[in-house]
Amino acid sequence: SISRAVAHVERALDAAEAAERQVDTSSKLTPRDMPDDVAHRYIALTERLVQALLRYDAETAGQIIEEASALLPVEQICLGILQPALADIGERWSRGEIPVSVEHFASGFVLRRVGALFNASRPETGNPTVLTACAEGELHEVGLLIMSLLLSQHGFRVVHLGANVPTADLQQAIAGIKPDAILLAASTESVARHLAGEVEHLRAWLATFPLNGKTPLLCVGGRAFVSEPALREGLAAHYLGDDAMMALTELCRLTNGQI
């Protein structure tokens, strides 16, 4: 419904505004800065996107994103349209209102769109280097890919490994890439609990295998740590925050990254 879309969009805008005090976004126009008629159009784009995805209509969904691209910066397209639309559809599926095929179709559409934006951002350039990966067993990649895009846009070199990365393979990647920071994501409680143990293992391994004379920052994030704050307790890693903009701000602070 439109009310659900409005709620998702407003949460995204609140997150972006909270981060503006620490991340310089002065050159970007946010929807709350816009005239009411433009802000209403922004919310309507999200609802139209949801309806197109519910119909398996990739052509119309693509046209809607092109419209949004003429109105909004990439961050707001991802955080204020694509992510809220996908969350809306996920909630409809969890309530049994739509089949899983719609959720998979929508996830695939959003993943391809964000992936194209990520590739265009030239993630292979920049400094410092961040390795991003979904924890072992984590199949939902969209949120982490959006985070990787934001990092790339703000000057980081980003190596994104994608979904469900086994710890042994992650260690091989770390040894080869020698990142300054490692960001691991979990969206479900079971994966987050498994990740907590793997983080302990990784930290011990990193302590015996320094890279470039220093130990990389070990960071975690994802929906599981937002919905279950107790999962953050005792973590042998930095929890970056409840949303992508907070995580960007915190990682910049930790790495002294330039925004």
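These values consider heavy atoms only, across backbone and side chains, with no hydrogens, waters or symmetry-generated copies.
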side-chain contact (heavy atoms from CB on, under 4.5 Å) between Ile43 and Glu47, intermediate numbers included = CA-CA 7 Å; Ile43 293 171; Glu47 176 62 16; 5.9 Å; no
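- Here the straight-line distance linking atom CG of Leu206 with atom OG1 of Thr215 works out to 6.5 Å at 0.5 Å rounding.
- With rounding to the nearest 0.5 Å, the separation of CD in Gln51 from CD1 in Ile64 is 9.5 Å.
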Do Phe105 and Leu54 pass the side-chain contact (heavy atoms from CB on, under 4.5 Å) test, and can you show the C-alpha distance, the side-chain angles, and the key distance before you say yes or no?
-> CA-CA 9 Å; Phe105 173 80; Leu54 290 173; over 6 Å; no
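- Proximity of a side-chain donor or acceptor of Thr208 to a complementary backbone N or O of Trp205 within less than 3.5 Å is detected.
- Counting all heavy atoms, side chain and backbone alike, Gln83 lies closest to Ile146 at NE2-CD1, 3.9 Å.
- Residues Leu53 and Val102 are not in side-chain contact: their nearest non-hydrogen atoms beyond the backbone lie 4.5 Å or more apart.
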Show the numbers, then the answer: is there a side-chain contact (heavy atoms from CB on, under 4.5 Å) between Leu149 and Cys78?
-> CA-CA 9 Å; Leu149 169 60; Cys78 290; 3.6 Å; yes
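- Taking CG of Leu183 as the start and CG of Leu151 as the end, the distance is 7.0 Å to the nearest 0.5 Å.
- Judged by distance alone, the side chain of Asp180 and the main-chain N or O of Thr129 form a donor-acceptor pair under 3.5 Å.
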Run the numbers on Val158 and Glu124 for side-chain contact (heavy atoms from CB on, under 4.5 Å), then give the verdict.
-> CA-CA 6 Å; Val158 183; Glu124 69 278 4; over 6 Å; no
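- Contact of the Leu49 side chain with the Phe109 side chain is registered, since non-hydrogen atoms from C-beta on lie closer than 4.5 Å.
- Between Leu79 and Ala244, the closest heavy-atom pair is CD2-CB, 3.8 Å.
- For the atom pair Leu161 CG and Ile182 CD1, the distance stands at 10.0 Å (nearest 0.5 Å).
- Shortest non-hydrogen contact noted between Asn164 and Gly137 is OD1-N, 2.6 Å.
- Of all heavy-atom pairs between Ala135 and Leu195, the closest is CB-CD1, 3.9 Å.
- Formation of a donor-acceptor pair under 3.5 Å by the Asp169 side chain with backbone atoms of Val165 is not found in this model.
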Checking salt bridge (Lys or Arg N to Asp or Glu O under 4.0 Å) for the pair Arg48/Glu67: CA distance, chi angles, key distance, verdict?
-> CA-CA 11 Å; Arg48 285 173 54 204; Glu67 284 184 48; 2.9 Å; yes
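- A donor-acceptor pair is defined here as one N or O able to donate and one able to accept, closer than 3.5 Å; no such pair exists between the side chain of Thr132 and the backbone of Ser148.
- Under the 4.5 Å side-chain criterion, counting only non-hydrogen atoms from C-beta, Pro179 is in contact with Ile174.
- Looking only at side-chain heavy atoms (C-beta outward), Leu111 and Leu145 come within less than 4.5 Å of each other.
- Looking only at side-chain heavy atoms (C-beta outward), Val130 and Arg157 stay at 4.5 Å or farther from each other.
- Taking CD1 from Ile81 and CZ from Arg113, the interatomic distance works out to 11.5 Å, rounded to the nearest 0.5 Å.
- Using a 4.5 Å cut-off on side-chain heavy atoms (C-beta onward), Phe156 and Leu150 make no contact.
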Pairs of donor and acceptor atoms involving the side chains of residues 232-241, under 3.5 Å and at least two apart or interchain, shall be tabulated with distances.
| unit_1 | atom_1 | unit_2 | atom_2 | d |
| --- | --- | --- | --- | --- |
| Arg232 | NE | Phe225 | O | 2.8 |
| Arg232 | NH2 | Phe225 | O | 3.1 |
| Arg232 | NH2 | Asp242 | OD1 | 3.3 |
| Tyr239 | OH | Gly241 | O | 3.0 |
| Tyr239 | OH | Asp242 | OD1 | 2.5 |

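- The hydrophobic clustering, which links ILVMFWY residues whose side-chain heavy atoms are closer than 4.5 Å, places Val226 and Val191 apart.
- Judged by distance alone, the side chains of Ser107 and Glu103 do bring a donor and an acceptor atom under 3.5 Å apart.
- A pairwise comparison of heavy atoms in Thr255 and Leu251 identifies OG1-O, 2.8 Å as the closest pair.
- Looking at Cys252 and Thr249, their side chains never come closer than 4.5 Å, going by heavy atoms from C-beta outward.
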Apply salt bridge (Lys or Arg N to Asp or Glu O under 4.0 Å) to the pair Arg223 and Glu138, showing each step before the final yes or no.
-> CA-CA 11 Å; Arg223 189 169 66 246; Glu138 179 57 64; over 6 Å; no
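- Annotation: side chain of Leu71 is not in contact with side chain of Ile77 (no heavy-atom distance under 4.5 Å).
- Using a cutoff of 4.0 Å between basic side-chain nitrogens and carboxylate oxygens, Arg193 and Glu228 are not scored as salt-bridged.
- Other residues, nucleotides and ligands place more than 12 heavy atoms under 6.0 Å from the CZ atom of Arg55.
- A salt bridge does not link Arg203 to Glu200: none of the charged side-chain nitrogens sits closer than 4.0 Å to a carboxylate oxygen.
- Taking all atoms of both residues into account, the shortest heavy-atom contact from Leu139 to Ala163 is O-CB, 4.0 Å.
- Counted by atom type alone, Gln153 and Ser121 present zero donor-acceptor pairs between their side chains at under 3.5 Å.
- Atom OG1 of Thr46 sits about 9.5 Å away from atom CG of Asp88, to the nearest 0.5 Å.
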